[in-house]
There are 2 protein chains.
Amino acid sequence: MLKYSRQRESIKNFLADRYDHPTAETVYLHMREQFPNISLGTVYRNLNLLAEIGEIQKLSPGMGPDRFDGNPAPHYHFVCSHCGSVLDLKVSGLDHINILASQNFDGDIEGHITYFYGTCPSCKAAKHSS
Amino acid sequence: MLKYSRQRESIKNFLADRYDHPTAETVYLHMREQFPNISLGTVYRNLNLLAEIGEIQKLSPGMGPDRFDGNPAPHYHFVCSHCGSVLDLKVSGLDHINILASQNFDGDIEGHITYFYGTCPSCKAAKHSS
DNA sequence: CATAAAACTAGTAATTGTTACTGATATTAT
DNA sequence: ATAATATCAGTAACAATTACTAGTTTTATG
């Protein structure tokens, strides 16, 4: 059974206010302002738990550590190859690709995860001015 | 400058014959049959090097360790949520999603990585017979 | 309200996956 | 041949994450 905990509540609220998809370490550092004695293990445990029950999302962009998204609704992510930042992307009309992938495949496809890569707006600007 | 090495050659050949996207650990274990003294570090170094020069592909499916694909040509992958196995997928007509994602985005999108998730044929069969 | 069961915590140790360092060996240009 | 250097095996270090333990909160129930 799932019991209430301030730490978990606070982690969830923290993520709900952020749109930069912080790492567990970043969450930990910020949680310590409110809970000076909070443990990194507690942060990891609750992040994974919240992800399992679908209240947040866990991202594995392939480069660097996992990141967490306070928005549980399905959407896409962009990963900057230069600075590593992760941004939300509004892409619609991609649901059909599951069906597309199901052709010629004998198993069941239940979903997909897509990361887009490239240069983020900020790195693009920095590039031009150099 | 890139010099020849039997170890690297052998790792590349090993991957070319496999279609199960083995982990570095698996590659290491098999390499030891041919090179009993090969080091895990050597395996990692060459896998990363081969991936950098585009002769193999490195996969980060999000669950478990990284995997490696001897086929450098772009294609898609399926990850079984039950057994964790990674399979090649033949999906065509997905190039346009980069353009789709570029709408409403100020940066440059240069590519994407998509992993499809679900139940693999083997797990699907096992499920029905239980 | 009291209390007991169970989920939760902080703190720490252990594990896993990967990379870096070392001195020795293999490969290649001359 | 030989000199330069990429690679090697072996091992240590590292980063990210998970597991363990004893004690603390939370909540269901009397």
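Chain naming here is simple, since letters A, B, ... match the order of the sequence lines and numbering starts at 1 in each.
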Which residue pairs pass the ring-ring contact (aromatic ring centres under 6.0 Å, His included) test when at least one of the two sits in residues 1-27 of chain A, sequence neighbours left out?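 Qualifying pairs: A:F14-A:H30, A:H21-A:H77.
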Just jot down the ring-ring contact (aromatic ring centres under 6.0 Å, His included) partners of [X], sequence neighbours excluded, or say none.
X	result
B:Y117	none
B:F68	none
A:Y115	none
B:Y76	B:H112

So, using salt bridge (Lys or Arg N to Asp or Glu O under 4.0 Å) as the criterion, who are the partners of A:D20 when residues are at least two apart?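 Testing A:D20 for salt bridge (Lys or Arg N to Asp or Glu O under 4.0 Å), a comparison that skips the adjacent residues, returns A:R18.
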Only counting residues at least two apart or in another chain, list the ones meeting salt bridge (Lys or Arg N to Asp or Glu O under 4.0 Å) with B:K3.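 Salt bridge (Lys or Arg N to Asp or Glu O under 4.0 Å) check on B:K3 returns nothing, list empty.
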Please set out all donor-acceptor pairs under 3.5 angstrom arising from side-chain atoms of residues 40-50 of chain B, sequence neighbours excluded.
residue: B:T42; atom: OG1; partner: B:R45; partner atom: NH2; Å: 3.3
residue: B:N46; atom: OD1; partner: B:R8; partner atom: NH1; Å: 3.1
residue: B:N46; atom: ND2; partner: B:T42; partner atom: O; Å: 3.0
residue: B:N48; atom: OD1; partner: B:K58; partner atom: NZ; Å: 2.9
residue: B:N48; atom: ND2; partner: B:Y44; partner atom: O; Å: 3.3

Using whole Å, what does the distance between atom [atom2] of nucleotide [N] and atom [atom1] of [X] come to?
X	N	atom1	atom2	result
B:Q7	D:dG10	CD	P	11 Å
B:R8	D:dA6	CZ	P	11 Å
B:F35	D:dC8	CZ	C1'	11 Å

Axis bend over the full length of the helix from C:dC1-D:dG30 to C:dT30-D:dA1, computed from five pairs that close each end, to 10 degrees: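 If I round to tens, the end axes sit 30° apart.
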With sequence neighbours excluded, what pairs up with A:E25 under the side-chain hydrogen bond (donor to acceptor under 3.5 Å, both in side chains) test?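 A:E25 satisfies side-chain hydrogen bond (donor to acceptor under 3.5 Å, both in side chains) with no other residue.
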Within the 4.0 Å limit for protein heavy atoms, which parts of nucleotides 17-26 of chain D are touched? Write it as a string from 5' to 3', B for base, S for sugar-phosphate only, - for none. BB-------B
Mind checking which nucleotides bracket the chain A contacts on DNA chain C, 5' to 3', with an atom under 4.0 Å from a heavy atom?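 Nucleotide range with atoms under 4.0 Å of chain A: C:dA5 to C:dG11.
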Within the distance-only criterion (no hydrogens, no angle test), does the side chain of B:S102 pair as donor or acceptor with the backbone N or O of B:N98 below 3.5 angstrom?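 Yes: the side chain of B:S102 pairs with the backbone of B:N98.
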